[in-house]
Each structure stands twice: as C-alpha cells, then as structure tokens.
Amino acid sequence: MRMIDRWLTSPWRRSAVAVVAGALPVLAFPAPALWWFAYVALVPWILLARSAPTGRRAAYDGWCGGFGFLLAVHHWLLPSLHVFIFLIAALLGALWAPWGWLVRRFLGERPTPGRGAAALLVLPSGWLMVELVRSWQGLGGPWGMLGASQWQVSPALRLASVGGVWLLSFLIVAVNVAAAVLVSVPASRVPAVASLVATAAATSAVWAWAPRPDVDGHVRIAVVQPGIVDGHDSGDKRFDREEQLTRRLAGQHLGLVVWGESSVGFDLGDRPDLARRIAALSRATGADVLVNVDARRSDRPGIYKSSVLIGPDGPTGDRYDKMRLVPFGEYIPARSLLGWATSVGKAAGEDRRRGSEQVVINVGHGLRIGPLICFETAFPDMSRHLAEDGADVLLGQSSTSSFQGSWAPAQHASLAALRAAETGRPMVHATLTGVSAVYGPKGQRLGPWLGTGASAARVYDVPLAHGVTPYVRYGDWPVYGALLVLAACCAAEGVRALRLRRGGPAPLAPPARTAHESPARPVR
C-alpha cells in the first residue's frame, strides 16, 4: 500500500490513474452491458480522491475522473468531433471537481462514523447535481447517466417508475460509497453495513409498493429499417428501399407504420410525388405512416427535422419539429466563434431550426402517439410530458448511421427501456440502420432487436397501459431531495467555518503551571 502511495505522489501519474478510474463505469453500459459492475465501478475513483493529500488535489482527481468518464462514454464521437471531444470532456469533466472534494471531505484521513454515514447521502446527492447540470441540452444532454446502465434489470426499471433514472443513479452511487467505506474505513463499517441493509429494505419496499401498469389493449406497430444506403442519390435509394419494405406489410392488420429519423430527405411540399407514394403505402397497409423529414422547409426558412404523419389521403397535418438539437451535430454553439469546427470534424455546416413545443398526434382508432427525435429520447422530462399530455405510445425516430460498428447504437436503443418504465407507456425506437427496439410499459423488451446489419420491416404486438406512474405524477423528486441534502451540507460547513474563524470558547480556568514554572513572587 505504501508503494502505491509513493507511486501516486507524482501528479501526472495520479491524474492518469484518475482518468482510468473515471472511465471504468462505461463497462456497465451497452455494448459490454455489465450492469452489475455499475455498483462497484466508482470504488477505485472514490478511494483515489479519498487518499488525496489536500482538498485541491481531491478536486483535481474528481476533474480527471470526470474527463475519463465522459471520454469513455462518448468515445464513439471521436470520428465526428476529433479534437473537440477532448476539449468537451475536459470542460465538462470539471463538474466532478466539487464531487472529488466532497469525497475527501467526508471520507478522507480517518473519518468518524458520523461522517461516513453522512457520505452515503452527500456523495450520491453531489453526483446527481453533476448529472443535472450536464443534462442541459446545450452541454450535450443526459447521455450516459449512471442509472441508465440498469435498462435491462427488471427491479431497477420498477424503481425508475417511482423516481426516474435519477433514483437509480442515486442508489448506484450510494452502494459504491458504502463499498468504498467497507474497504477503507474500518471505523465506519458498521454504519456502512447498516446503510446497505436500510437501502435494500427501502428499495424492496418501494419495489413492492410501486403500482404496476395495467395492460388494457394492444396495437400492432411495424418498424421499417432500411439499413445502410450509400452512394450517389442515397436519399432516393433509401426512400425506394423503405417503400419496398413497407409494401411487404400489407394484410398484417397494423395500427401504425414507423420509419426512422431522416427517412425522407426532401420536403414533402416540394416533392408531392413522395407524399403520394407514402399515401399509397398507407392504403396498402391499412395504417398511417409516421415518417421523419430532414430537409429545408418550403413554407418557412431553414432546415428542420420533423415527424410527419401521412394517411391514405396524404399528410394529415400532424407534425412535430425537433426541439432539442445535438450540439455540433445539428448546430454549432456560438458559431461565430466555433464555426471553424466544420473544417475539423463532421460538424453541422448549417444550423437546424428548433420546434417550439411537443406534440401528441392522434392517429385514430383510439391511438395517440408522442414522437421524439434522436437524442431527445435521452431526456426523461420530454417523455414524461408526453405521457402527461395523453400519449399512449412513445415513438423515438433515430439514425446512428454515422456510428456503425461502435457502442452508440446499442446505447441509444437501451434508453427507450428507461423512458417506457418511467412513464408506464410502451416505447418504439425506430432507426434507419439499427439498433431498432420496442419496449412494453414496464420497460421489458418486446421481440428481438433489429441490429445494425438488418434491412427489414418487423411487426410488434405492443401492449397499451394508461395508469399514471409516480414519476409522471411527482417528477424529478430525487433531484429536489439531493438539492436539500447539499443545502444542509453547505449550511453545516458554513457554521463550522464560522466557529473556526471566531475561535473556541474562552477557558473556564487559568492554564495549569508546568513543572518548570515557578510561582510568582509577591510584590513588596
């Protein structure tokens, strides 16, 4: 142990170790999908920050770990952003600096049992604040939230219906903190074990109490995934392939056909021939077709990404314009300063325009759908609002064709399981090139995924449920609870600092003389 401590005295070596420790949680996400690893993945990072010689060094450990975490979770962006991915990870990694300081403050040196117990609340709350800040769309959105690693764990999905992905992140960090205390703080092992037992008991109680979605109907929804289409006139070739696959769905008693993001590369006002061809598909299949148009609009300036519903008589007038755009991918923040990014990576040459509001589309026959486009499926608040507005099915239209062969398609498809569990609504995740997936109202997977090598149309029998989950009703309450914990922590630190500044109370008696002191002689 002493050898390790001596080796870590080099700031550069210590920073490198922090980067690696911060990157470890990526193994809990798809494609590795080692969900169980999430409950111990933070332990090396916590132990490192705990052993920091100063609070400033612990903050650096938090920063370097955050850099490693973001770089690992978003490594598939490297071909698109090039050097920008390192710059973004370095800037956003600073969000973990206060968290690193908190680790040392509560677990550093020889923490008392009280401090060890407080760490089990404060450190998960601090992590949630990091996730809250970086969830802002302008900072890249909530991709890679720690709780999202539990997308295939049924008990965790049940908890998501109560507190969303936020509650899962809080519990995962709490377990990691308890594990770190058990390993390194003997004096606090009793409260750590007690906290683990209490967490398990509370989690079991919530799991048993949480209302289960009551299935009250079914709808048959088809997902059309054309696969990779390259070369000259790829937009027309993709449309031809989608048309061919959709025609095979005739006679299957469908309620809806869904195409992926950017499935139509031309504005339908400029290309009425395409609108007529899709309307013919609607008549052939007996179902409306939800397409996604990525083009310059003919009725207003700018390029939009829009979910458009087309029935047997043509466009129905129902349309949703994407609201939350991907930084650098669909627009460049502060383009006047960062516009040069277009010459380095695959940044947007022209900013896409934003929609103004979310839309619930009435398909008919009692079915109302809530569309989300691409990385909007990572935002739990958007799906929650659609459920509040009466959506029966959530629909994500996506395209990860730029990231084939990476972990991105599987990571993206897994997010729909969380959104379904949180809202108690089934979710369809339809893509151009995979992974396409469908989940039931409990977040359970329905049928097989359409992988990145598939070019197919598949029909899913989707159960419908119309209850209201606690998460939909109460919203992001774990975040508010974390804010209260941190506010109390700040208040306690302020009181402590004030006492130290004022000094301790005056002694009640004069100091005792030592053996070398002689009594004062009386003055004569």
Check: With ring centroids as reference points, do W166 and W477 lie under 6.0 angstrom apart?
Finding: no
Notebook entry, point to check: L309 and L256: side-chain contact (heavy atoms from CB on, under 4.5 Å), yes or no, with the steps?
Noted result: CA-CA 10 Å; L309 187 68; L256 183 68; 4.1 Å; yes
Note to self: Are W127 and W99, when compared by the centres of their aromatic rings, separated by less than 6.0 Å?
What the structure shows: yes
Next item on the list: Taking W76 for its side chain and P409 for its backbone only, find out whether a donor-acceptor pair lies under 3.5 Å.
Entry: no
Notebook entry, point to check: Within the side chain of R158, is there an N or O that forms a donor-acceptor pair under 3.5 Å with the backbone of A210?
Noted result: yes
Check: Is there a donor-acceptor pair under 3.5 Å between the side chain of D270 and the backbone N or O of F266?
Finding: no
Notebook entry, point to check: Would H429 and T377 count as having a side-chain donor-acceptor pair, cut-off 3.5 Å?
Noted result: no
Next item on the list: Would you please classify the geometry between the W35 ring and the Y39 ring as parallel, tilted or perpendicular, with 30° and 60° separating the classes?
Entry: perpendicular
Item checked: Salt-bridge contact E388-R473 (side-chain N to carboxylate O under 4.0 Å) -> no
Check: Can we say E422 and R384 salt-bridge, meaning some charged N sits less than 4.0 Å from an Asp/Glu carboxylate O?
Finding: no
Margin query: Contact between H412 and L415 at the side-chain level, heavy atoms closer than 4.5 Å - yes or no?
Written below: yes
Note to self: Is any side-chain heavy atom of L367 closer than 4.5 Å to one of N362?
What the structure shows: no
Note to self: Pairing donors with acceptors under 3.5 angstrom, does anything connect the side chains of S436 and T431?
What the structure shows: yes
Check: Are any of the side-chain nitrogens in R352 or D294 under 4.0 Å away from the carboxylate oxygens of its partner?
Finding: yes
Margin query: I want to check something: taking the side chain as every heavy atom from C-beta on, are Q152 and S414 in contact at a cut-off of under 4.5 Å?
Written below: no
Notebook entry, point to check: What's the spacing between R241 CZ and S234 OG if we round to 0.5 Å?
Noted result: 15.5 Å
Checklist line | Rounded distance (nearest 0.5 Å) linking atom CG of L372 with atom CD of E261 | finding: 11.5 Å
Next item on the list: Locate the shortest heavy-atom distance separating Q150 from A38; write the atom from each residue and the value.
Entry: NE2-CB, 3.7 Å
Item checked: Polar side chain donor-acceptor pair, S154 to Q444, under 3.5 angstrom -> no
Checklist line | Side-chain heavy-atom pair Y460, V223 within 4.5 angstrom cut-off | finding: yes
Check: For the residue pair G434 and T400, what are the closest heavy atoms and their distance?
Finding: O-OG1, 3.0 Å
Next item on the list: Measure the OG-CG distance between S306 and N292 for me, rounded to the nearest 0.5 Å.
Entry: 7.0 Å
Next item on the list: State whether the number of non-hydrogen atoms from other residues, nucleotides or ligands found under 6.0 Å of H253 atom NE2 is greater than 12.
Entry: no
Notebook entry, point to check: Between the side chain of S282 and the main-chain N/O of A287, is any donor-acceptor distance below 3.5 Å?
Noted result: yes
Next item on the list: Using the six-membered ring wherever Trp is involved, compare the ring planes of W151 and W449 and label them parallel, tilted or perpendicular (cut-offs 30° and 60°).
Entry: parallel
Check: What pair of heavy atoms forms the shortest contact from I369 to L290, and how long is it?
Finding: CD1-CD2, 4.1 Å
Next item on the list: Establish, yes or no, whether a centroid distance under 6.0 Å links the rings of F375 and W143.
Entry: no
Check: Measuring from D476:CG to L167:CG, what's the distance to the nearest 0.5 Å?
Finding: 11.5 Å
Checklist line | W259 side chain to T246 side chain, donor-acceptor N/O pair below 3.5 angstrom | finding: yes
Notebook entry, point to check: What do the steps show when you test I310 against D288 for side-chain contact (heavy atoms from CB on, under 4.5 Å), and what is the final call?
Noted result: CA-CA 6 Å; I310 299 178; D288 289 357; over 6 Å; no
Check: When you measure from the side chain of R425 to the backbone N and O of A391, does any donor-acceptor pair fall under 3.5 Å?
Finding: yes
Notebook entry, point to check: If you take all heavy atoms of R353 and P301, which pair is closest and at what distance?
Noted result: NH1-O, 3.6 Å
Item checked: K322/E376 ion pair, N-O < 4.0 Å -> no
Item checked: Charged tip of R277 within 45° of F239 ring normal and under 6.0 Å -> no
Check: Distance under 6.0 Å and angle within 45° of the ring axis: does R297 meet both against Y304?
Finding: yes
Notebook entry, point to check: Quick check: does any side chain N or O of D392 sit under 3.5 Å from a backbone N or O of R368, one acting as donor and the other as acceptor?
Noted result: yes
Checklist line | Audit row: R419, V165, side-chain contact (heavy atoms from CB on, under 4.5 Å) steps and yes/no | finding: CA-CA 9 Å; R419 304 293 86 85; V165 68; 4.0 Å; yes
Notebook entry, point to check: Would you say the side-chain atoms of E131 pair up with the backbone N or O of S169, donor to acceptor, closer than 3.5 Å?
Noted result: no
Checklist line | Pair W407-F29, ring pair (Phe, Tyr, Trp, His ring centres under 6.0 Å): steps then yes or no | finding: CA-CA 9 Å; W407 294 356; F29 295 90; 9.5 Å; no
Check: How many angstroms lie between atom OG of S401 and atom CG of D230, to the nearest 0.5 angstrom?
Finding: 8.5 Å
Item checked: D381 CG: over 12 foreign heavy atoms closer than 6.0 Å -> yes
Item checked: Q225 and S455: side chain donor to acceptor below 3.5 Å -> no
Check: Taking it one step at a time, do I221 and V258 satisfy side-chain contact (heavy atoms from CB on, under 4.5 Å)?
Finding: CA-CA 7 Å; I221 297 178; V258 185; 3.9 Å; yes
Margin query: I want to check a possible cation-pi pair here: R134 against W136, using under 6.0 Å from ring centre and within 45° of the ring axis as the test.
Written below: no
Next item on the list: Could you tell me whether the side chain of V359 reaches within less than 4.5 Å of the side chain of S307, counting heavy atoms only?
Entry: no
Next item on the list: Indicate yes or no: at least one non-hydrogen side-chain atom of V360 is less than 4.5 angstrom from one of L386.
Entry: yes
Checklist line | Side chain proximity check, L132 to L128, heavy atoms < 4.5 angstrom | finding: no
Notebook entry, point to check: Quick one: CZ on R238 to CD1 on I228, what's the gap to the nearest 0.5 Å?
Noted result: 8.5 Å
Next item on the list: Heavy atoms only: give me the nearest F379-P142 pair and the separation to one decimal.
Entry: CE2-CD, 3.3 Å
Check: Can you name the nearest heavy-atom pair linking V479 to M129, along with the distance?
Finding: O-CE, 3.7 Å
Check: Got L71 and F86 here, is their nearest side-chain heavy-atom distance under 4.5 Å?
Finding: yes
